[in-house]
Structures are given as C-alpha cells and as structure tokens.
Amino acid sequence: MSMLTPPGMGGKYRVTGTAYPRMSRKRSRRRIVLAVLGSVLALALVGYGALQLIDVFRGDGPKRNTAAGAKDCPTKSPEAAAKGGAPAAASAASAPAKPAVVLPQPGTITVNVYNATPRAGLAKAVGDELAKRGFLIGTVGNAPADFDKKVPGTGILLGSPTTDKAVFAVLGTQLPGTTQQTDTRETADVDLILGDAFKELSTKEDADKALALLANPAPAPAKNC
C-alpha cells in the first residue's frame, strides 16, 4: 500500500499520478431548506386566498360596514345637494316646536313648613319667604316626632299618593336637594320639612330660572352624523 493511499480505503483507491479520486457529496442542505420554505409560503398564500373568498361571500368587507353605518344618518336629496343645504337643518326647521309644559302656579300650592332642626324660628322664616314668592302657607312649626331631628338632608317634601308630581317639582325649585315622600293624607297640601343640611332657599332669580326650564324643557340634541 502506498503512503499516499487515504487511510480506511483498504487499498481500493490508489493514487497513480497527479489525479486524486473524487468522493461523492451528500445532497446540499440548502436546497432542502429552500424547498420547505417554498412549501410553507405556498400553503400560506392558499389559506389567505380562501379567507378572502369567505369574506366576499359573507359580505363582511368594509363596504358593507360603511353601508350599515350610513343608514343612521340622513342623506341629502338632489335638491338639497344642489343648494348646499344640510338635511339636518331642514328637518329641524320643519319639526314642530315642543309644547310648553303646564305647571301649577305657586298660588295653587299650599305648603306646610316644619322645622326638624335645632335652629329656632327657621320654619317661620322660610314660610314668610315662600309667601312672598306666591305660595300659600298652611301650618308652620316644629316637625312631627317622626321627623324631628331625624332629617339629615336638606329637606323632605311630603304629600299624598295622589299629589301631582309637578307640585313637587315646582316647590323643589325653591329648595334643591329635597327628597319626595308620601303618606296617607287625602288633602292636596304638601309638607316641607327642613333638615339639618338646610342653609337657605334658592334665590328668587335662580328659582325663576328653574321654573322656566321646567315649563320649557330644552329639546334633545340632534344626532351627529
């Protein structure tokens, strides 16, 4: 065996000149990796195309969403579009005005003023001021035992189960923060029971503004498109 014979060849291959034997190489790994990546990319493209077809047949594209949202907003008529007018403005102009609410006048409401606080003379002072504002004043004095020193809030408006809610609303404009209750009385008078948190009646100007808002409630805001 020649010294130039590669070990392990067992003399099968011999170097007989300047040429060496060429040994076969295994298949390149790069080609295998590229083939696998190409297959994965092809599968991804096929899956994406299938999803697009499903969306088209279901109608879930942006056009459908836009069309659905457009139903909530009015569209301009050809005449309005030509004149540059907005349909919302035309609708507001043609819509009838909301009628004013008929409220009971202070002169038709009888108020009994009771003081449930330790402050002396409070019921009389409040009763005198309400009388100046046009209310009819009934009984004035200390609160009944069920309420005396037991009203932590501003006050309580107490009437019969048949008392018109508008009566409570009108009287409530003079003293914001009151709560409303009913008892078994059958008369139309209303008790104003002053609580510990009471400080003073609303100013006449503020009370008049609140009454005006009750009689002419603001219209609901137009929907923005």
Side-chain angles (χ1 to χ4, degrees), residues 72 86 88-225:
D72 296 335
S91 300
S94 60
K98 185 178 291 186
V101 178
V102 179
L103 297 173
Q105 296 298 313
T108 64
I109 302 175
T110 300
V111 185
N112 304 313
V113 185
Y114 295 106
N115 181 13
T117 75
R119 297 161 57 184
L122 185 61
K124 185 179 185 305
V126 172
D128 291 343
E129 181 60 29
L130 289 176
K132 293 178 182 179
R133 300 183 185 186
F135 290 91
L136 298 177
I137 305 302
T139 304
V140 176
N142 293 326
D146 292 342
F147 296 98
D148 191 26
K149 312 298 188 299
K150 299 176 184 178
V151 181
T154 302
I156 297 175
L157 299 179
L158 185 64
S160 73
T162 59
T163 299
D164 189 353
K165 298 300 181 182
V167 172
F168 286 139
V170 171
L171 186 54
T173 61
Q174 313 299 314
L175 181 60
T178 55
T179 58
Q180 301 174 8
Q181 296 183 19
T182 59
D183 55 15
T184 58
R185 77 182 68 190
E186 297 179 355
T187 55
D189 57 335
V190 177
D191 295 348
L192 171 57
I193 305 174
L194 303 173
D196 293 335
F198 173 79
K199 293 182 179 180
E200 60 183 3
L201 294 174
S202 301
T203 63
K204 190 176 185 307
E205 291 76 13
D206 290 341
D208 290 343
K209 290 179 181 178
L211 281 172
L213 289 176
L214 285 177
N216 298 282
K223 186 175 182 179
N224 293 327
C225 297

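Every heavy atom of this structure was used, including side-chain atoms; hydrogens, water molecules and symmetry mates were not.
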Check [Y] with [X], please: is the shortest side-chain N to carboxylate O separation under 4.0 Å?
X      : Y      : value
Lys132 : Asp128 : no
Asp196 : Lys149 : no
Lys209 : Glu205 : no

Heavy-atom pair of closest approach, residues [X] and [Y]:
X      : Y      : value
Glu129 : Leu201 : CG-CD1, 3.6 Å
Tyr114 : Ala123 : C-CB, 4.2 Å
Phe147 : Gln181 : CE2-OE1, 4.1 Å
Gly138 : Asn112 : CA-OD1, 3.4 Å
Ala166 : Leu103 : CB-CD2, 4.3 Å
Ile137 : Ala131 : CG1-CB, 3.8 Å

Measuring from [X]:[atom1] to [Y]:[atom2], what's the distance to the nearest 0.5 Å?
X      : Y      : atom1 : atom2 : answer
Phe198 : Thr117 : CZ    : OG1   : 9.0 Å
Glu200 : Leu122 : CD    : CG    : 11.0 Å
Leu136 : Leu130 : CG    : CG    : 11.0 Å

### Message
Do Asn142 and Asn115 pair up side chain to side chain, a donor and an acceptor below 3.5 Å, judged on atom types alone?
### Response
no
Using a 4.5 Å cut-off on heavy atoms from C-beta on, say whether the side chain of [Y] contacts that of [X].
X      : Y      : answer
Val190 : Leu158 : no
Thr173 : Leu214 : yes
Ser160 : Glu186 : no
Asp191 : Ile156 : no
Leu157 : Thr179 : no
Thr182 : Thr163 : no
Val167 : Leu171 : no

### Task
Return the set of residues passing side-chain hydrogen bond (donor to acceptor under 3.5 Å, both in side chains) with Asp146 (not counting sequence neighbours), or none when no residue passes.
none
### Query
Lys150: what forms a side chain to side chain contact (heavy atoms under 4.5 Å, CB included) with it, not counting sequence neighbours?
none
### Residues in side chain to side chain contact (heavy atoms under 4.5 Å, CB included) contact with Pro176, at least two apart in sequence or another chain
Ser202
### Task
Please lay out, stage by stage, how Gln174 and Leu211 fare under the test side chain to side chain contact (heavy atoms under 4.5 Å, CB included).
CA-CA 9 Å; Gln174 313 299 314; Leu211 281 172; 4.2 Å; yes
